[in-house]
Engineer: 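Structure in structure tokens, see below.
Note that these values count all heavy atoms, side chains included, but never hydrogens, waters or copies made by symmetry. Just follow the structure's listing: the first ligand is 1, and inside any ligand the first atom is 1.
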Amino acid sequence: MIPPRLIFRKGVLKILDQRLLPDKVKFISVKNAAGTAKATKDMALRGAPLIGCAAAFGFALEIRRLRPSSSAGLQRVARGTAALLKAARPTAVALFYAADRMMNKALAFAAEKPGKFSTAAVKELIALIDREARLVTSEDEAACLAMGNFGEALLKNNCVIMTHCNAGALATMGIGTAVGVITAAHRRGKIKRAYSCETRPYLQGARLTIWELMREGVPAELITDNMAAHIIKTCGVNAVVVGADRIAANGDTANKIGTYGLAVIARHHKIPFYVAAPTPTIDLRTPDGEAIVIEERSAQEVTFIKGSRIAPAGVKVRHPAFDVTPAGLITALITEKGVISPVTRANIRTNLSN
Ligand code: MRU
């Protein structure tokens with residue numbers, strides 16, 4: 001079993017500190033939206049759907065803490081809190097989806113109750129916002145299960161599969177997206193072996209994914225990123241499955257840096273390349289991959305590993321945290337609503353309207 005990632009209770013959000021995994025299972029506690037945003041920015045929690053769920057809880061914490069007492073006050077708090085949460089990281093659209101959804105719920109309440117709120121109305125507001133945050137989370141959990149079922153049906157028996165970064169339970173409130181597909185297939189006896197790329201520089205594959213796969217009893221091996229082409233060529237890999245941080249309207253997909261390279265290798269070797277992501281990851285307002293904002297993270301995450309310098313002091317560094325895989329390299333998108341293939345603008349729209 002994977003430990004709970006977020007525990008929301010009595011005005012406190014306990015966050016599993018993923019920076020310490022796999023060595024230590026420890027939680028940090030935050031009591032407001034600023035604390036939630038900081039934990040997100042600092043990678044105590046990460047993974048697109050989980051960032052969204054944390055934002056929903058962070059919003060609920062802020063409403064509980066500030067107890068806005070009028071519709072104008074609520075509007076101000078709702079807009080400010082959503083903006084604060086959305087500033088934490090730029091690429092994963094689930095964060096924007098959840099923050100906006102919570103803000104809109106609060107704004108609708110303000111519109112229904114103009115003027116000063118009674119004590120009962122404040123209580124009602126807090127309960128409403130808590131409920132919405134829990135709904136964001138339970139929808140994510142259900143979406144993971146549905147993606148697992150749709151995704152495993154695409155895989156052959158005796159499947160040898162590769163994944164990148166961490167798109168597992170640790171990145172969601174459920175069984176995960178890409179790793180959820182692998183574990184669902186494993187439960188049906190279909191996985192011969194899973195390969196997890198270590199995912200430089202932040203090592204989500206080495207620290208998190210392989211740990212999850214081992215705990216789930218999936219036969220799995222860890223490889224460094226530069227082994228991927230060789231392993232695909234020589235070890236019978238017959239599918240790649242990854243998650244996503246943002247899928248543009250045309251299907252171009254931003255995911256952890258290194259994903260694009262893996263898609264190119266998969267195409268060269270004529271094996272399917274699947275992206276599993278819940279529908280809040282699809283951003284119809286972003287027309288294509290060029291419009292996706294790619295987060296640039298610190299040089300230190302590249303030049304240091306666990307506090308030890310691995311490159312010369314003063315070296316110039318690039319650290320784009322994500323890359324964009326063109327839709328044409330993606331065999332299918334797996335959402336909780338079904339499988340989208342071929343990946344086209346029209347098929348994405350149809351899936352969303354299911
Ligand atoms: O920087 P991270 O660890 O938040 O990046 C995570 C990824 O890129 C995942 O592959 C993606 O969020 C899919 S999570 C189900």
Engineer: Indicate yes or no: at least one non-hydrogen side-chain atom of Ser29 is less than 4.5 angstrom from one of Leu13.
Structural biologist: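 Heavy-atom side-chain distance check fails, nothing below 4.5 Å.
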Engineer: Does the Arg200 side chain pair with the main chain of Val302, one donor and one acceptor, at a distance under 3.5 Å?
Structural biologist: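 Yes, Arg200 side chain to Val302 backbone: donor-acceptor pair under 3.5 Å.
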Engineer: Taking Ser353 for the side chain and Thr350 for the main chain, is one N or O donor matched with an acceptor at less than 3.5 Å?
Structural biologist: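 Yes.
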Engineer: Pick out the protein N or O atoms lying less than 3.5 Å from any N or O of ligand 1, and list each pair with its distance.
Structural biologist:
{"unit_1": "ligand 1", "atom_1": "1 (O)", "unit_2": "Arg89", "atom_2": "NH1", "d": "3.4"}
{"unit_1": "ligand 1", "atom_1": "1 (O)", "unit_2": "Arg89", "atom_2": "NH2", "d": "2.8"}
{"unit_1": "ligand 1", "atom_1": "1 (O)", "unit_2": "Lys256", "atom_2": "NZ", "d": "2.7"}
{"unit_1": "ligand 1", "atom_1": "3 (O)", "unit_2": "Arg46", "atom_2": "NE", "d": "2.8"}
{"unit_1": "ligand 1", "atom_1": "3 (O)", "unit_2": "Arg46", "atom_2": "NH2", "d": "3.3"}
{"unit_1": "ligand 1", "atom_1": "3 (O)", "unit_2": "Gln204", "atom_2": "NE2", "d": "2.8"}
{"unit_1": "ligand 1", "atom_1": "4 (O)", "unit_2": "Gly47", "atom_2": "N", "d": "2.9"}
{"unit_1": "ligand 1", "atom_1": "4 (O)", "unit_2": "Arg89", "atom_2": "NH1", "d": "2.9"}
{"unit_1": "ligand 1", "atom_1": "8 (O)", "unit_2": "Asp245", "atom_2": "OD1", "d": "2.8"}
{"unit_1": "ligand 1", "atom_1": "8 (O)", "unit_2": "Asn255", "atom_2": "OD1", "d": "3.3"}
{"unit_1": "ligand 1", "atom_1": "8 (O)", "unit_2": "Lys256", "atom_2": "N", "d": "3.3"}
{"unit_1": "ligand 1", "atom_1": "10 (O)", "unit_2": "Asn255", "atom_2": "OD1", "d": "2.7"}
{"unit_1": "ligand 1", "atom_1": "12 (O)", "unit_2": "Ala48", "atom_2": "N", "d": "2.9"}
{"unit_1": "ligand 1", "atom_1": "12 (O)", "unit_2": "Asp245", "atom_2": "OD1", "d": "3.1"}
{"unit_1": "ligand 1", "atom_1": "12 (O)", "unit_2": "Asp245", "atom_2": "OD2", "d": "3.1"}

Engineer: State whether a side-chain donor-acceptor pair under 3.5 Å links Gln204 with Arg46.
Structural biologist: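 Their side chains do not contain a donor-acceptor pair, so the 3.5 Å distance test is not met.
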Engineer: Within 45° of the ring axis of Phe117 and under 6.0 Å from its six-membered ring centre, is that where the NZ or CZ of Lys113 lies?
Structural biologist: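 No, cation not above the ring by the 6.0 Å, 45° rule.
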Engineer: Is it the case that Thr279 and Glu336 place a side-chain donor and acceptor less than 3.5 Å from each other?
Structural biologist: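 Checked: Thr279/Glu336 side chains pair up, N/O donor to acceptor below 3.5 Å.
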